[in-house]
Protein chains: 2
Amino acid sequence: MHHSAATLECQHALTYYNSPMIDDSPQKTRRCDLTRASILSAARERFATDGYERATIRAIAADAGIDPSLVMRYYGNKEGLFAAAAEFDLCIPDLSALPRPEVGASMVDYFLTRWENDESLQALLRAAATNAGALEQMRSIFTRQVTPMVAALCGDPESAPTRAGLISSQLLGFALCRYVLQLPPVVAMPRDEIVKWLGPTVQRYALGTK
Amino acid sequence: MHHSAATLECQHALTYYNSPMIDDSPQKTRRCDLTRASILSAARERFATDGYERATIRAIAADAGIDPSLVMRYYGNKEGLFAAAAEFDLCIPDLSALPRPEVGASMVDYFLTRWENDESLQALLRAAATNAGALEQMRSIFTRQVTPMVAALCGDPESAPTRAGLISSQLLGFALCRYVLQLPPVVAMPRDEIVKWLGPTVQRYALGTK
DNA sequence: GATGTTTGCCAACGTTTGTTGACATGCACC
DNA sequence: GGTGCATGTCAACAAACGTTGGCAAACATC
């Protein structure tokens, strides 16, 4: 239900928080920050399981144990809430130091952990099917994070967008089947088997030829 | 709720009026069949572009040029309408006669034409992200049509579900990126290039080893 | 303790949604 | 011509939605 503080600080840094012991300009943890965080946590869960339109502000507020009007006060409107809930960074690590034949497997492995630890990604995928804002954000992540990574990896700026598109099609497609559609055999696949099957595919899309 | 099986053929072709003088046995096409068809056509379009919740009965009725209450009379309720609009058969051809190394490419090619000619598939994919009925239908298609085909192809009933899941992840993922997310490089890919990239992947999932 | 700000709840709004039933018009058949 | 079904329109319903403004309590600051 609740995100641990550790998962939150990496991607969704709460800027108002600072540790009073170390920081010299102490700004005490205001109460509103707590409810803001609980709203955000509830919103992520609802958006992830219900999608954008079916996740109602009233339900999110009920999950967070507060009044719906508070959501409006803190996040303006529903779109603002979603934007805050789905804001995150893929934090793609630098794979160029790895031995070339291993990049495919590492990529699959990294994205798997990412998908399983961050509800925002599932929320974004579900919402992107119907919500324009989520769609735009998904495109933005593709352009600004995935494509540059692939370009740095394969060294060919011309084919990089296509390669990034192919990799996304496989990784997003697998996430779709495993987390959204929940096709039984895909859900049942153990992690190492996924890497063994998908690794070579991603490897070829990233560095290989048609 | 009820729908005549005759009007919902595989290609949902519009049957025209037939002249009563020549025609002896078949029943005349009643007016209601025309409006039913126009409702279904409008519904497919709306569901495909807007998803389940955002596609309103009122909008569909307006597109079809009739009153919203008629939709209820002919299809019971919104779920019934969606079920009728998304009902279809993949009509997977028999690929086992093909030379083994070509099955991957043919499969990609076949599914591409299917996706581009039938709005129902896009409607189903978009709706499956949020609607339980669409999700169940997607799972059913996977179990009853995709998995048996893969099983007949690879001859191994044990690994068939996993292989079918992998193939679905790639094909659905590509459809997601091309038709729903519309990632620019994926949209821009010409058909033969898609086959060249995806063909070997599907081939390995269907017949190869990890 | 008075004051102003924060934090929260409550009631209500205006709109949109799926859905219903009453009523009008066309068409077929005795 | 009149009866009966088929086809379609209109008005309205109840529920749910996002959203708003007012008001009560908690808190901080002097």
Side-chain angles (χ1 to χ4, degrees), chain A residues 14 16-17 20 25-43 46-47 50-85 127 130-134, chain B residues 1-4 6-7 17-21 23 26-40 42-43 46-47 50-85 127 130-134:
Chain A
L14 294 176
Y16 301 143
Y17 269 100
S25 62
Q27 204 168 345
K28 285 194 66 181
T29 299
R30 295 178 313 182
R31 190 144 170 247
C32 99
D33 291 334
L34 282 185
T35 59
R36 284 180 83 115
S38 79
I39 291 174
L40 222 52
S41 168
R46 282 282 175 181
F47 281 134
D50 294 345
Y52 184 78
E53 10 265 337
R54 292 198 36 194
T56 70
I57 288 193
R58 286 172 151 91
I60 291 171
D63 288 354
I66 47 95
D67 192 87
S69 63
L70 274 192
V71 178
M72 308 300 298
R73 175 157 12 193
Y74 289 140
Y75 294 98
N77 54 23
K78 192 178 181 180
E79 284 218 9
L81 174 63
F82 179 82
T130 52
N131 181 261
Chain B
M1 205 59 154
H2 65 289
H3 44 62
S4 81
T7 52
Y17 278 108
N18 21 11
S19 74
M21 23 198 74
D23 205 1
Q27 53 187 358
K28 291 198 301 189
T29 6
R30 294 171 314 180
R31 239 180 74 146
C32 109
D33 292 334
L34 280 186
T35 60
R36 284 180 82 113
S38 78
I39 291 175
L40 223 51
R46 283 281 176 182
F47 282 133
D50 293 345
Y52 183 79
E53 10 266 338
R54 292 197 37 196
T56 71
I57 290 192
R58 285 174 152 90
I60 292 171
D63 288 354
I66 47 95
D67 192 88
S69 63
L70 271 193
V71 178
M72 308 299 299
R73 171 146 39 194
Y74 288 141
Y75 295 98
N77 54 21
K78 192 178 180 181
E79 282 218 11
L81 174 63
F82 179 81
T130 52
N131 181 261

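A note on names: the letters A, B, ... follow the listed sequences, proteins ahead of strands, and every chain is numbered from 1.
- Within residues 51-58 of chain A, the residues having any heavy atom closer than 4.0 Å to DNA chain C are, in order of number, A/Arg58.
- Listed by chain and number, the residues in a side chain to side chain contact (heavy atoms under 4.5 Å, CB included) with A/Arg58 are A/Thr56, A/Pro68 (sequence neighbours excluded).
- Judged as a salt bridge (Lys or Arg N to Asp or Glu O under 4.0 Å), and not counting sequence neighbours, A/Asp67 has no contacts.
- One atom, CD1 of B/Ile60, and another, C1' of C/dT17, lie 13 Å apart when rounded to the nearest Å.
- For the pair B/Asp67 CG and C/dA22 C1', the interatomic distance rounds to 13 Å; values are reported in whole Å.
- Residues that satisfy the side chain to side chain donor-acceptor pair (under 3.5 Å) test with B/Glu79, not counting sequence neighbours, are absent from this structure.
- Across all strands shown, B/Ser69 has heavy atoms under 4.0 Å from base atoms, whether or not it also approaches the sugar-phosphate.
- In this structure, CE of B/Met72 is placed 15 Å from C1' of D/dA12, rounded to the nearest angstrom.
- When each of D/dG8, D/dT19, C/dC9 is scored by its nearest atom to the side-chain atoms of A/Leu70, the top-ranked nucleotide is C/dC9.
- Every residue meeting the side chain to side chain contact (heavy atoms under 4.5 Å, CB included) condition with A/Ala134, not counting sequence neighbours, appears here in chain and number order: A/Phe82, A/Leu124, A/Ala127, A/Ala128, A/Asn131.
- Remark: the A/Glu53 side chain and the A/Thr130 side chain contain an N/O donor-acceptor pair separated by less than 3.5 Å.
- Interatomic distance, OG1 of B/Thr35 versus CG of B/Leu40, reported as 10.5 Å (0.5 Å rounding).
- Listed by chain and number, the residues in a side chain to side chain contact (heavy atoms under 4.5 Å, CB included) with B/Ala42 are B/Ile60, B/Asp63, B/Ala64 (sequence neighbours excluded).
- Shown for residues 73-83 of chain A: residues whose heavy atoms fall under 4.0 angstrom of DNA chain D, namely A/Asn77, A/Lys78.
- Here CZ of A/Arg36 is found 11.0 Å from CG of A/Leu70. Values are rounded to the nearest 0.5 Å.
- Atom-to-atom, CD1 of B/Ile66 to C1' of C/dT25 comes out at 17 Å; the value is rounded to the nearest Å.
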